[in-house]
Amino acid sequence: MLTQDMTRSRSLYRRIYSIFIYPHDHQRIVSLEDLKKAAADGSINAMFELGQFHALGVSAAVDEEESFKWYKAAANLGHTASEYMVGECYSNGIAVEINDLEAVLWYVRAAEKGDRRSIGAISLYTENYFDFNAAAAFDHYSSKIKEGDTGASYMLSRFHFYGIGTPPDIDVSFKLCETAAEKGHIDAMCELAVMYRNGVGAEKDHDKAYELFRRAAEQGHRTAPLALIRCHAEGIGVEKDEKKAFEMISALADTGSADAEYELGRYYLEGIGTEADPHYAFGWFSVASNHGSVDALYGLAQCYQRGRGADRDRKKAVELYKTASDLGQKDAMVSLSHMYADGRDVPKNENEAFKWMLAAAEHDSEYAQFAVARRYTEGKGVSKDDREALKWFLRSAQNGNAAAQFNVAEAYMNGRGVKRDEKKGYSWFLRSAKNGYHRSQYHVGVCLSKGAGVAKDIDAAFEWHMLAANSGYGKSQYFIAQCYSGGRGAAKDDKKALEWYVKAASTGHVLAQYYAGHHYANGIGTKPDEAAAIKWYTRAAKQGHTYSRQLIEECCNKKVIPVKEMTPFEKHMDEAINGDAESQYIIGRYYEEGIGIEKDVNEAKKWYTKAALQGHFNAEKAMTIYVKQQK
């Protein structure tokens, strides 16, 4: 319960409502009858305004019970301001009995979307020793579903998604979110759209994602219009058209939306749908910042740090990054982490680097979640901890990160940080593979060929390996070669076998190099070619293949010395050649910064491009910067 220090207000809503600003894209309806008609048609903004009318006594006497009824109706469908007000009612005993648990749980619904009033209310409860119990909250929302509370279905979907008060379960989360969306809950529509966009809990379906964003936008969801514009910019469920996206974001910014003003600044900074103009970018970031956008502080920090649109001022940039981070801006947190890790504009400090990356992860940055997991795996800035690593890989995987999904699969397959479970391992490999991650496509093929976590199916294994092989993944190319050589999963064909052995050998696959040499030496699938045989045997021998080294030394009377232990650059290059997006990005950075290799901007661009094509977030950003610099 609350202490006496936390005062409650039993006053009418007239005092409270002076803080509300109506949505920029919503034409306020002044007729009570028109409002009732719109509310009956499902308009949650109309429901909210009916609450306003009765709270303020517009055109009628103040009626707190009627006001609460309409706020509750809008809140049940995800209206943020209404969720806050329902919390206020339960907290202060307005139209209902005081109920602190109900109040906090309604505040939580709004706070999850960044509502500062609700965040402040929760802080006040926390300061007064209110004990928030996740399990009790889970039970509370579960009971509310039975009462027909649509919002409770949405909140439970989030609890299942993040594992709050219950083990995480994406499938259950998806079903609950789908149920809430079908009943008109606008937050559920947006979350369901994200799940379809990322292929989380369901097969990727960009058409459904676009339609859900559109419906949520029509119902007045604050961020749905921005999500729709992103769809046009990236070609999600609609033809890619950056120019149209720019026109849409410009129109939205002109309405006074701080979120849109920030995005317009970003479009000008990165040259999306228009010529890059750092000065316009700085201007729009400034406007958005004046309108309360925390994201705009991050945008301004970028301008000052890079001297784009403003004189370079690294001290001011660091201050802005820290201010934005303290206010919950996750990209600013990631930037600070990298700055501390590299000692760029701040003293090098691995502990600070980890602290800010962890903060970004806790604010649901899938990139940061993956980075934190890697740090726990490698013991970088923190003690090694397989359980913590899996926890963060799982969070990133749930947000659609294909590399994280691969790591979750490996953890289940190998019992690393969790009890070994091949079925779960295979299911995560499959999710990652469907998101285009080549290593997972290879492992799905391996599981199907061996019957690990799934029924054995050589034909299906061949198809998955072929998908990865066509993308240049060496291990799958070797598997395809073996299939053609032995007539497994495909008709025996020595010519095709050699073709795939050579492709795999070219990626550095040592056994493929040996078999390529063997085929050329013995005229299998081709005419005998001693020079080609020696070439591939020698490459295999240099990688430590004993029999190849023996053949070369006997045939050519030439001693072969295996290559030295791989350097970090060589190890990442090996993974990069085999299609690992993270390693491709790292190789790009090595070339860009001259780490372990001479600087080479063209090589950096090449590897960034490879990683970006697999959806690597930082690689995409790096390439965007290069493109803008060229302009």
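All figures in this text were calculated on a predicted structure; none of them were measured in a lab.
Inspection of the Tyr162 and Asp364 side chains reveals an N or O donor paired with an N or O acceptor under 3.5 Å. Tyr304 and Glu319 share no donor-acceptor pair across their side chains, judged by distance under 3.5 Å alone. Judged purely by distance below 3.5 Å, without hydrogens or angles, the side chains of His232 and Tyr210 pair a donor atom with an acceptor atom.
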| Under the side-chain contact (heavy atoms from CB on, under 4.5 Å) criterion, do Val318 and Met339 qualify, and how do the steps go? | CA-CA 9 Å; Val318 172; Met339 289 161 67; 3.6 Å; yes
| said: Apply side-chain contact (heavy atoms from CB on, under 4.5 Å) to residues Leu269 and Phe285 and explain how you reach the verdict. | reply: CA-CA 10 Å; Leu269 188 66; Phe285 288 149; 4.2 Å; yes
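The six-membered or imidazole ring of Phe429 lies away from that of Tyr412, with a centre-to-centre distance of 6.0 Å or more.
Salt-bridge annotation for Arg308 and Asp313: absent, with no side-chain N of the basic residue lying under 4.0 Å from a carboxylate O of the acidic one. By the 4.0 Å N-to-carboxylate-O rule, Lys144 lies close enough to Glu102 to be salt-bridged with it. For the pair Lys355 and Glu352, the salt-bridge criterion is met [side-chain N within less than 4.0 Å of a carboxylate O]. Ion pairing between a basic and an acidic side chain is recognised when a charged N comes within 4.0 Å of a carboxylate O; Lys391 and Glu388 show such pairing.
Seen from the ring of Phe354, Arg375 does not count as a face-on cation partner, given the 6.0 Å and 45° thresholds. A cation-pi contact, defined as under 6.0 Å to the ring centre and within 45° of the axis, links Arg158 to Phe161.
No side-chain donor-acceptor contact under 3.5 Å links Ser173 to the backbone of Asp169.
Ring geometry, Tyr141 versus Phe159: the interplanar angle exceeds 60°, so the pair is classed perpendicular (tilted spans 30 to 60°). Note: Tyr154 and His185 have parallel aromatic rings, judged against thresholds of 30 and 60 degrees for the angle between ring planes.
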